There are 2 protein chains.
Amino acid sequence: MATPKATVSRLPKKTKPSYHHGDLRRALLDATVQLIEEQGLEAVSVREVARRTGVSPGAPFRHFQNRTALLTAVAEVAQERLVQAVGESLGDAEKANPLQKFRAIGIGFLRWAFTNPTHFQVISGRASIEFDRPTLRDSNDGLRATMNQLLSAAATEGLLRPGDVSRYVLGGRALVYGLARMHIDGQFPSWGVDSADSLNESIAVLDQFIASISA
Amino acid sequence: MATPKATVSRLPKKTKPSYHHGDLRRALLDATVQLIEEQGLEAVSVREVARRTGVSPGAPFRHFQNRTALLTAVAEVAQERLVQAVGESLGDAEKANPLQKFRAIGIGFLRWAFTNPTHFQVISGRASIEFDRPTLRDSNDGLRATMNQLLSAAATEGLLRPGDVSRYVLGGRALVYGLARMHIDGQFPSWGVDSADSLNESIAVLDQFIASISA
DNA sequence: ACCTGAACACCGTTCAAGT
DNA sequence: ACCTGAACACCGTTCAAGT
């Protein structure tokens with residue numbers, strides 16, 4: 001017996017493009033993201049995803065209960081990455097004051113949403129998604145708690161304009177969420193902002209918001 | 001000849017539920033709105049709309065080029081009503097100062113969006129809509145122009161905190177848009193706000209925003 | 001002038017049968 | 001254990017034929 005390992009296993013475990021074994025799930029997820037990128041969320045059909053992955057129309061249903069579950073799985077991946085991006089942005093502001101950290105969260109959110117419009121779209125399009133998944137809920141709760149703590153700390157340190165802290169939090173969140181949605185919905189041009197500048201402009205808007213809630 | 005008029009025309013022009021003559025268009029629009037209300041935007045199928053209106057599957061295509069055109073028509077009606085609602089809210093603040101008028105626009109937007117979630121959803125879901133229609137574009141441009149004028153006037157009168165006026169405008173718009181989207185996307189519960197209170201809470205957030213951009 | 005009803009090429013989902 | 005391929009009940013859209 002020749003040792004097949006030597007010839008075959010250049011890569012850790014899986015070598016060939018044969019999903020006909022184990023990684024169909026990931027392949028389907030990838031194909032879905034790509035399809036959304038090319039044709040938009042509405043254009044996602046399980047059949048087309050199957051076709052692009054080279055499997056039969058029924059195959060995806062072995063991995064996802066239905067179309068919604070497929071999209072929800074994409075949303076979970078997206079949310080993970082969003083949380084990570086926001087976390088990194090927050091990490092970069094480690095020595096900053098609480099208000100600047102709060103800002104860093106917003107910046108991280110905006111940057112990620114503008115850089116990954118497809119993923120953001122899937123997250124924010126509750127319609128095609130089962131949002132009541134623990135993964136999605138929990139990470140959201142964590143973020144909100146952090147924002148609340150930061151602004152409370154800012155208030156204690158006298159950095160924050162007087163006012164209801166949780167309303168500043170909600171306002172900040174609605175602001176960046178609104179900006180990100182306006183972007184993926186293509187509304188910036190009708191608001192006098194060139195699409196190419198929309199991220200920078202959004203950051204400027206956020207900064208002016210932060211400035212206006214500063215003490 | 002007996003005069004048929006006397007027996008038939010109790011109502012102005014059209015008496016019977018026969019779309020089989022003139023008002024199919026409106027009937028289809030109504031059925032679409034109702035369907036969205038019951039099942040959500042995604043559930044809208046031309047066939048189901050036709051079924052509910054009592055016509056054959058092909059009939060709607062005599063009035064709307066395709067599914068998107070049908071949804072776009074709903075969006076146009078919705079946008080009209082939104083503009084009207086905002087206009088009325090602005091009218092109620094006739095003798096107020098520019099900043100309060102700016103606030104009135106936001107309040108009008110929020111009230112309308114929260115009271116008519118279906119229509120707001122159709123407007124904001126660019127995906128299923130042809131937004132590049134003059135009707136939609138123009139009314140949007142008008143609103144933006146008004147907001148800009150109001151804040152510029154507020155600045156002149158010394159009512160506004162120093163800063164870039166058009167960024168306050170964009171921020172205000174993103175804020176109310178974000179709040180409204182969070183509402184229709186059912187995000188308020190995960191942000192610690194009871195659904196029933198979401199309009200009042202949103203107004204409070206807007207008010208705190210207005211306060212923070214005041215001189 | 002407007003609507004019907006059959007037709008075509010899709011789609012989501014299921015399930016027996018294959019490997 | 002996982003995938004295929006046929007099947008079913010849908011859908012958007014078109015178009016000849018009816019009134």
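A, B, ... follow the sequence lines: proteins, then strands. Residue 1 opens every chain. Quantities reported herein were computed from a predicted structural model and do not represent experimental measurements.
- Scanning both residues, A:S124 and A:I184, for their nearest heavy atoms gives OG-CD1, 4.0 Å.
- The nearest pair of heavy atoms linking B:R144 to A:S190 is NE-O, 3.1 Å.
- Judged purely by distance below 3.5 Å, without hydrogens or angles, the side chains of B:D185 and A:Y177 pair a donor atom with an acceptor atom.
- Atom CZ in A:R51 sits about 14 Å away from atom P in D:dT4, given to the nearest Å.
- Atoms CG (A:D23) and P (D:dC2) sit 12 Å apart, rounded to a whole Å.
- Under the salt bridge (Lys or Arg N to Asp or Glu O under 4.0 Å) criterion, A:R81 pairs with no residue, sequence neighbours left out.
- For A:D207, the salt bridge (Lys or Arg N to Asp or Glu O under 4.0 Å) partners at least two apart in sequence or on another chain are A:R103.
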Margin query: Please encode protein proximity along nucleotides 12-19 of chain C as a string of B, S and -, counting only heavy-atom distances under 4.0 Å.
Written below: BBB-----

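- Considering only residues two or more places apart in sequence or on other chains, A:Q39 meets the side chain to side chain contact (heavy atoms under 4.5 Å, CB included) condition with A:L35, A:A43, A:R52.
- Look at CG on B:L28: it is 12 Å from C1' on C:dC3, rounded to the nearest Å.
- Going from atom CG of A:L35 over to atom P of C:dC11 covers 10 Å, rounded to whole Å.
- Residue B:H63 has no polar side-chain atom (N or O) positioned under 4.0 Å from OP1 or OP2 of C:dC2.
- Scanning DNA chain D for stems, defined as runs of 3 or more consecutive Watson-Crick or G-U wobble pairs whose donor-acceptor distances all fall under 3.5 Å, gives the following ranges: C:4-8 with D:12-16, C:12-16 with D:4-8.
- The distance from atom CZ of A:R25 to atom C1' of D:dA1 is 17 Å, rounded to the nearest whole Å.
- Listed by first then second residue, pairs satisfying side chain to side chain donor-acceptor pair (under 3.5 Å) with a partner in residues 104-119 of chain A number zero, not counting sequence neighbours.
- Looking only at atom types and distance, the side chain of B:Q84 has a donor-acceptor partner in the side chain of B:E88 under 3.5 Å away.
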